[in-house]
Amino acid sequence: TGAGAALIFPVLALCLVPVGLIFAELTGMLPFAGSVDVWATNAFGHKVGFATQWMMFLVQVVEPAMMAFIFITAAGHFFPNLVIPPTVQMFIAIGTALVWYIISNFNIDILGKLANIFFFAMIAMSLIVSSSLFFSGHWDIANLTAAQNPESPSGLFPMGFGGIFLAMAAFSLKFIGFEMTPSMIEETTFPRSKMWKVILSALIVPALLYLVVVFAIGGMAPYDVIAGTFLVVGLGEEDFTSLTPEHMKQFKEKFDTPEMFMRINGKLIVLPLEEEKPKAKKPSVLQKLNDMKGMESSTGVKKPHTKEER
């Protein structure tokens, strides 16, 4: 999508404002736990209400697991030597979802405190990482629209309207959660008449946060460097396939040497990082004598007799 993805978040937030205001209005009219289920059931019957609530449940199940991956990624920024295998990450995500489910069903007070901690921790970590990118000395506003390769797409939206629409479909998931307050209205003391403030803040804060984060990442390098196209798998008629032997050889040679990107005089320079070959150690005097003895024995040169042989 390019660095213009940062602008998509505020647009999505504005599109969701009417939905949020409807949630706030319905919360005042039908202030019951499981709000979406109650509203859909009253409007369309039990079957629609049941299906709607199950879809909301599945969305909420994904949330804790997503947070686990987010925190693992953020931890990797502060601790570069921390390497967590993908299998371990999966079990961490599953365990997080399970623990969250147990806590939410047995003690809602603990859940509320943990939610506050994670919320402010996420904001703090995002701003710290973004600030480190902005002030790293490598951030350049020109990278937001530039491309290293003249033939590559450039601009805020290098993939055009197709990329914008796909991004809007994916980024809408980032606003999951603004419906949680109406769902727990019977367990809160917040005035129902002011519910619109909570919902609107749940839309505006993420939009501004993601705006800052995406611009921080986008300014680090041109679009085609961050999201350059390269082939790592084969492509069949309907799905990905293994690379052919010819492709394996071709791309092994192409990407065998790591590359380092450096900005010099306003231009991005790509330098190959050749591995330093270990220097051969000089043979010791004893090794040289042994080699000479070996050469004498192979050429048939007679060795001097010892005293015993004489």
Side-chain angles (χ1 to χ4, degrees), residues 5 7-68 70 93-94 96-116 118-119 122 161-162 164-211:
L7 304 176
I8 294 177
F9 289 105
V11 172
L12 281 173
L14 291 175
C15 292
L16 289 172
V17 165
V19 179
L21 293 177
I22 291 172
F23 267 64
E25 185 68 22
L26 288 173
T27 301
M29 294 174 61
L30 297 170
F32 303 110
S35 53
V36 175
D37 181 19
V38 175
W39 303 338
T41 299
N42 277 272
F44 304 104
H46 291 286
K47 291 183 179 179
V48 175
F50 177 81
T52 303
Q53 185 60 29
W54 260 107
M55 286 189 287
M56 293 294 296
F57 171 76
L58 292 176
V59 170
Q60 297 302 329
V61 167
V62 173
E63 238 182 313
M66 288 175 59
M67 291 302 300
I70 290 172
I94 294 173
T96 304
L98 182 61
V99 171
W100 199 261
Y101 172 79
I102 294 173
I103 294 176
S104 64
N105 280 275
F106 287 93
N107 196 324
I108 196 68
D109 183 57
I110 296 178
L111 178 66
K113 292 178 180 178
L114 287 175
N116 288 333
F118 291 149
F119 174 73
M122 181 185 68
F161 284 104
I164 293 174
F165 293 139
L166 288 175
M168 292 183 74
F171 293 167
S172 61
L173 296 175
K174 298 298 183 181
F175 293 92
I176 294 174
F178 75 89
E179 77 287 349
M180 286 301 297
T181 307
S183 298
M184 298 185 292
I185 188 62
E186 289 187 286
E187 302 174 64
T188 64
T189 57
F190 195 83
R192 295 194 296 270
S193 60
K194 297 182 179 180
M195 187 59 62
W196 63 274
K197 295 182 179 180
V198 177
I199 294 177
L200 290 184
S201 64
L203 294 174
I204 295 172
V205 171
L208 296 178
L209 184 64
Y210 290 127
L211 174 76

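- The distance from atom CZ of Phe171 to atom CD1 of Ile8, rounded to the nearest 0.5 Å, is 5.5 Å.
- Residues meeting the side-chain hydrogen bond (donor to acceptor under 3.5 Å, both in side chains) test with Thr52, sequence neighbours left out: none.
- What you find for Ala207 and Ala13 is that their closest heavy atoms are CB-CB, 3.8 Å.
- With sequence neighbours left out, Trp196 forms a ring-ring contact (aromatic ring centres under 6.0 Å, His included) with no residue at all.
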List, one per line, each side-chain donor-acceptor pair under 3.5 Å for residues 28-36, sequence neighbours excluded.
residue: Ser35; atom: OG; partner: Ser183; partner atom: N; Å: 3.4
residue: Ser35; atom: OG; partner: Ser183; partner atom: OG; Å: 3.3

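- The salt bridge (charged side-chain N to carboxylate O under 4.0 Å, His left out) check on Lys197 picks up nothing, with sequence neighbours excluded.
- Pairs of residues two or more places apart, or lying in two chains, that qualify as side chain to side chain donor-acceptor pair (under 3.5 Å) and include a residue from residues 38-51 are Asp37-Thr41.
- For the atom pair CG of Leu16 and CD1 of Ile204, the computed distance is 11.5 Å after rounding to the nearest 0.5 Å.
- With sequence neighbours excluded, the residues that form a side-chain contact (heavy atoms from CB on, under 4.5 Å) with Val205 are Phe119, Ile123.
- With a 4.5 Å cut-off on side-chain heavy atoms, Val17 and Leu200 count as touching.
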